[in-house]
Each structure stands twice: as C-alpha cells, then as structure tokens.
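Take a look at the structure set out below.
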There are 2 protein chains.
Amino acid sequence: MVTIGDVARAAGVSRSTVSYALSGKRAISDETRRRIDDAIRNLGFTPHAGAQALATSRTKVVGLMLRFHEDEFAPAMLQYVLPVSDTARELGYDILMVTDADGAAALRRITGAGKVDGLVLLDVTHDDPRVAALRGAREPGVLIGLPSDTEGVDVFDLDFAAAARTLVNHLHALGHRETILVTPPEDVFSRGAPYSWRFRDAVVGHARTLGMTVHAHYGEARQPGIAHSLHAILDAHPGATAMVVHNDGSVAALPMVLHEHGVRVPHDLSVVSLYSHDFGRTFALPYTAVETSPDELGRLAVDLLVRRMAGGRAEGERLGPPGVNLIPPRLTDRGSTGPA
Amino acid sequence: MVTIGDVARAAGVSRSTVSYALSGKRAISDETRRRIDDAIRNLGFTPHAGAQALATSRTKVVGLMLRFHEDEFAPAMLQYVLPVSDTARELGYDILMVTDADGAAALRRITGAGKVDGLVLLDVTHDDPRVAALRGAREPGVLIGLPSDTEGVDVFDLDFAAAARTLVNHLHALGHRETILVTPPEDVFSRGAPYSWRFRDAVVGHARTLGMTVHAHYGEARQPGIAHSLHAILDAHPGATAMVVHNDGSVAALPMVLHEHGVRVPHDLSVVSLYSHDFGRTFALPYTAVETSPDELGRLAVDLLVRRMAGGRAEGERLGPPGVNLIPPRLTDRGSTGPA
DNA sequence: CTGAAAGCGCTTACAG
DNA sequence: CTGAAAGCGCTTACAG
C-alpha cells in the first residue's frame, strides 16, 4: 500500500509536512503544496483509517444501532435509516450498521473497540438497555425514540401526545363521538416501545375529556392476520364513525380492507393516522394523518451528534446539555375525514 | 482507555502473552491464562480496533454498498440487507453501510483507507462502475446481481431466465395463450438493471417458442401511478387470460387494483410473479410465484466472501476461481392460476 | 511456555 | 514555513 512516507519522498518533503497539508492545520507554501498534491494524485494515496484512528482517537464513523423486529413493519424502519445515512455522509462520516440482537452488548463492543465516534440509537424502548450502555461509553449518542430515563442523553422524537390531541380534536370538531383506535400489536407494548403507550394513552385520555368514546384494539403484526383483525374490529363497532390507525402494517392494508368491507371513506367512516409522506406515497395511502417526519428526525439527530462529536469541552458547553427534542405534529389533510 | 499494557501489568505477564492469549495463536499455561482472563474482565478490556487494523491489515468489517433508487421499492432492497448483516455478524464481521450516490468513488475511498476487508455490492447493474473499482481493489468482493463483465468477481443471483421459463411453462400448460407482462419501470431498464432485461427477454423469447402472445408493459415506480397504470394495462388487453408481474411496487398494489377492477383470480385472470416469501407475507400477496430467495443469496454471498477474506493464496486456490452462481427458480403455488 | 523489541501508518508537540 | 522524533495500541517474528 502507498503510505504517507511514499508521498513525502515523491514530493521531497517530510512526512509531517504531508500530514499538515492534508489536515490544513498549518500553513504550507504554494510550491510545496503543489508538489504534495501531485504526489498524492500520482500515487493514489489515501490515509490508512486504522492508523489515523490510532493516532487521533477519531474514526469518522458513526454507529447506527437498530433491530428489525418481527412485529414491526420493516419498510417503516427504513425511513429512518436513509436520512441518518445520508446526513452522516454529507458531514463526512461513514455508517457502521449494527443489528445485533443484544444491542447493549453490541454497543459496548463497538465503543470499547473504538470503532465509532458516536452512536445513533433507533427505535429506543421505554427501558432500553442500550441507553445505560450508552451512558457508560465515552462516545456521545443520540436516541430516536423516548426512553423513560433521559438523563444525560439527546433524544429526538415526534410529540406523540400532541399528535394524539391533534387527531382527536380534528375528529371531535367534525362531530365524531365514537371512534375506533387501532394500536400497534400487543408485543410492541410489552416490549415497551414508548410511541405505542404515549399515543394510546393520549388518545384515550384526551377523548375522555372531550366526552368521546374510544374502542382501542391491538393491530396485528403480520398478514393475513392484519386484514382479518381489521375486518373483525370494524364488525365489532357498527356505531363508530371514525377510526384512528396507529400501526404501519394496518394502515398499509387498510385501503384493501375497507374496499372489501364496502366502507367508503369519509362517507361511512372518517379515518386518520400517523405516517410519513414517503410511506404514504409508497403505499398510496389517502388518509389525513400526522406527519411522522422520519427524515427530519434523522437529520436533526445526526446534525447534533456530529456537533457533539466534534466538540471538546468548550464546544460541549456551547451546545448546552443533552436534552429531549419532541417535534410538533403537523396534520396533512388528505380528505379522509368528514362530518359524523 | 484500558490497553493491553494495563492488562499485562495486572496479570503480571508481558503484552505479547496477553495478545497470544487473546488470539489463541500459541499455547498458554492454565495459570497464566486465568490471570489474564481475570485482568481482562476486571479492567473491561477490549482491543483497540484501529491498532489491530494497523498491526494486522485486517478490520473485521465488511462494506455493504447499496443505493436506494427512486424507482425501486425500498422494502424489497431491505430483504437483501438483513441476511447480509446477520450472516456477517455471525461470522464475526461488522457492516459498514455505504449509500453514496457515486458508488465507485465510495468503494475506492473505503478500500483505499483500509476500512473494510471485503465488499458486498447490492443491486449490481449491467455496466456497474463499482465492478471495475472492485477489480482495482486489493479486497475481495461479491456481487448480488449479474453485470455484463463477470471476469474475476464472484456473483450471486437468481437465474432470471430460468425463472421466466418456469413461469411461462406453468401458464402454457394451463392453456394460456395471451398474457400480460408487467416489467420494472422504464428507468430500471435504462439504468441497466440486469434482472429487468434478463427476465423480460426470457419471457418474451420463451413465449414465442411456445406460440404465446405477450403484451409487455412497464410498471410505474410510484403510487398512485402504479395503480393507474395497472388499470390501464388491464383495460388494454381484454383478451389476456394471464398476467406475469415483475415489479415489486406493482405486485404489492395488485390485490387492491384487481379488487377495484372486479377481476377475480384465478377465475378471470391467472397471475404469477416473482417475490420472496417474506415480501409476500408483508404484503399479503396470494400469487403463485418464483421465490427470489434474498435470504439465501445474501447468506451465500457473505459466506463465500468471508472465506475469500480469510484465505491467503492457498485458501484462495482451494476455493477455486471467482465465478457466477445463479440459483435455480423454485415455484411456490399459491393457487392464483387456473385453466385459461 | 514466555518476553523484549520492532514495526504497522499515521499525528502532533517541539524545535528551528 | 518545515523537519526529526515520539507516541497511539496492537501483533508477531525472534530468542530463550
């Protein structure tokens, strides 16, 4: 392989001068810089990442910790992976994608080995063991998803409680008084996925204060169960005039199910949901919904992470302490709601 | 950070002994090994990956090169990512996920910097610039997808020509003589995605030898265009008794479209497709189809890659030269075809 | 069965 | 504006 020493020799300078030319950390004469640039180009030199990591304790890699759960809809997860990856590259970082079943152990492994400068934790649960592991690491990390204990960590998430109120208010204003709520599958609640609890509790609680009835049902994780359960839920509540769907698999299947069921939207039933613009486009979903903004969340998270990684102590103080960032819900009206 | 020197001091041995205890490359007395293990555990030692990479020229990282194209269905791509990631971890490798727009430059960047020991190229196109870049790299690589020039590279892919013949034969045996073929979007062909050309050419060619008529149409890339185009295609060929769908977005939308269109399967129309078991389950697809086996392809590719990375020259010769591996199509009958 | 030492390819004070 | 040298944390011949 071609090393910095080869470049130095070809350019007739010392290795330190090549290094400084590369990093820009001190002034180099035009003539010297030209010779170095030529040598680098001619030899096709790229600094050895391992040697740089050893010398600087920086890897220019961020770890992306995620899991593909059986009970979650994979296309939805992907929505978060892409903006994280794209933003990291724009800012000069590569992505180490870690999908180990034991996320906490994997986190300790890659930070212990100094493989990454920082971490993005996706799909964080209420009692996520990765969060404690992150606190024990030297590297900064950002979470997407809100755990119970947010001490010392940066969190980005949608404000699910506000999203619930927005949707319930929307239906209430149209005169709906009895609504169905399709939640994520039961396993998602058991696992402690905070979005499931936060949204359901807020829907049920806010509806109560408005005097609305809510029939909450778990969605299913997999087809064909998803469709079967939706049919059964619709049959069980003939009096309901509205439906709130908080489950990616269910909302993707809903157009087909409603069609089969002979239910017209919004004439027979008003439907609202939560999903991203891209998800809606992929599945041709015509429902009025709160935008979940995976793109924005991913970008914000990586932006902050990179600033935290870059900063020494001074920078850290300028950034302020870690904290929770809930982005407000934005309702996109797609015409799937009408008067009760 | 805790280094191998700290462990050596705590265990009362030399650093080399600790290193050998870790690698198992020479015999260590039980007593010494016990003291080293204790020290490692007490201190929480993990070897520094950068230092190891520098000393050994091995990173234990595999680069996964992929792109999310606007005109491809993201959930389908994910099918390949998971088995690659899982298999790599089982074999002791982490995954560097690279999604740069310029894949060839990214490949040169990460190999030049010695960030990976090997590469998996996903979604390889006919004239993929990444393949030439791979040939210029020291690191071995495997392709998923068949490029025009396969010299010196390992390739894994479904045998799309055989898949086409299997499906056409299946329809022909049932008496179908006029069939619709929905191909990937036109852009996928322009980009040179080999699966698009290979499958379409084989369907059209084989049907001709059997005396069947094929109406080939491009599918659309995005909703709601996907559904609109399917409706239009169905209207255009009232005499067709069968449909072959080779487009992930279209097949996912098809149940809804056929339902809206009042077409019963297989009574009014026999439908066959290509998709994986998981994909079919996610979208509740009831169609007889050739299994695309992303799981098997991903596993086979990484298995071979790891063996190539492990091997010195001797191992390389034992493995045989690089080559093309096309896995045979397996038809899963889901009852969506009947007599013409 | 174990140790002392060279070397992997960088970066960065230190010195001029 | 530039260079000589130490040091980052490992591995591995070499020697015993």
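Keep in mind the model is a prediction, meaning the values are calculated, not measured. Proteins come first, then strands; the chains are lettered A, B, ... in the order of their sequence lines, and each starts at number 1. All values below were derived from every heavy atom in this structure, side-chain atoms included, with hydrogens, water molecules and symmetry-related copies excluded.
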Flag, side chain of Arg130(A) to backbone of Leu122(A), donor-acceptor distance under 3.5 Å:
yes
Those residues that, when tested against [X], pass salt bridge (charged side-chain N to carboxylate O under 4.0 Å, His left out) (two or more places apart):
X: Arg89(B); value: Asp100(A), Asp94(B)
X: Arg135(B); value: Asp149(B)
X: Asp102(A); value: none

Output the rounded distance in Å from [atom1] ([X]) to [atom2] ([N]).
X: Ile40(A); N: dG9(C); atom1: CD1; atom2: C1'; result: 14 Å
X: Arg34(B); N: dT2(C); atom1: CZ; atom2: P; result: 13 Å
X: Phe45(B); N: dC10(D); atom1: CZ; atom2: C1'; result: 8 Å
X: His48(A); N: dG9(D); atom1: NE2; atom2: P; result: 17 Å

According to a strict under-4.0 Å criterion, is Thr32(A) in side-chain N/O contact with OP1 or OP2 of dC1(D)?
no
Picking from dG3(C), dG3(D), dG9(C), which would you name as closest to the side chain of Ser14(A)?
dG3(D)
Which letter, B, S or -, goes with each nucleotide of nucleotides 11-16 of chain C from 5' to 3', with contact meaning a protein heavy atom under 4.0 Å?
BBBB--
So which one's nearest nucleotide on DNA chain C is more toward 5', Val13(B) or Leu54(B)?
Val13(B)
Please enumerate all residues that pass side-chain hydrogen bond (donor to acceptor under 3.5 Å, both in side chains) together with [X], with sequence neighbours excluded.
X: Ser57(B); answer: none
X: Glu139(B); answer: none
X: Arg299(B); answer: Thr87(B), Glu90(B)
X: Asp86(A); answer: none

Return the stems involving DNA chain D, sorted by first number, where pairs are Watson-Crick (N1-N3 with N6-O4 or O6-N4) or G-U wobble (N1-O2 and O6-N3), both under 3.5 Å, and runs are 3 or more long.
C:1-3 with D:14-16, C:5-12 with D:5-12, C:14-16 with D:1-3
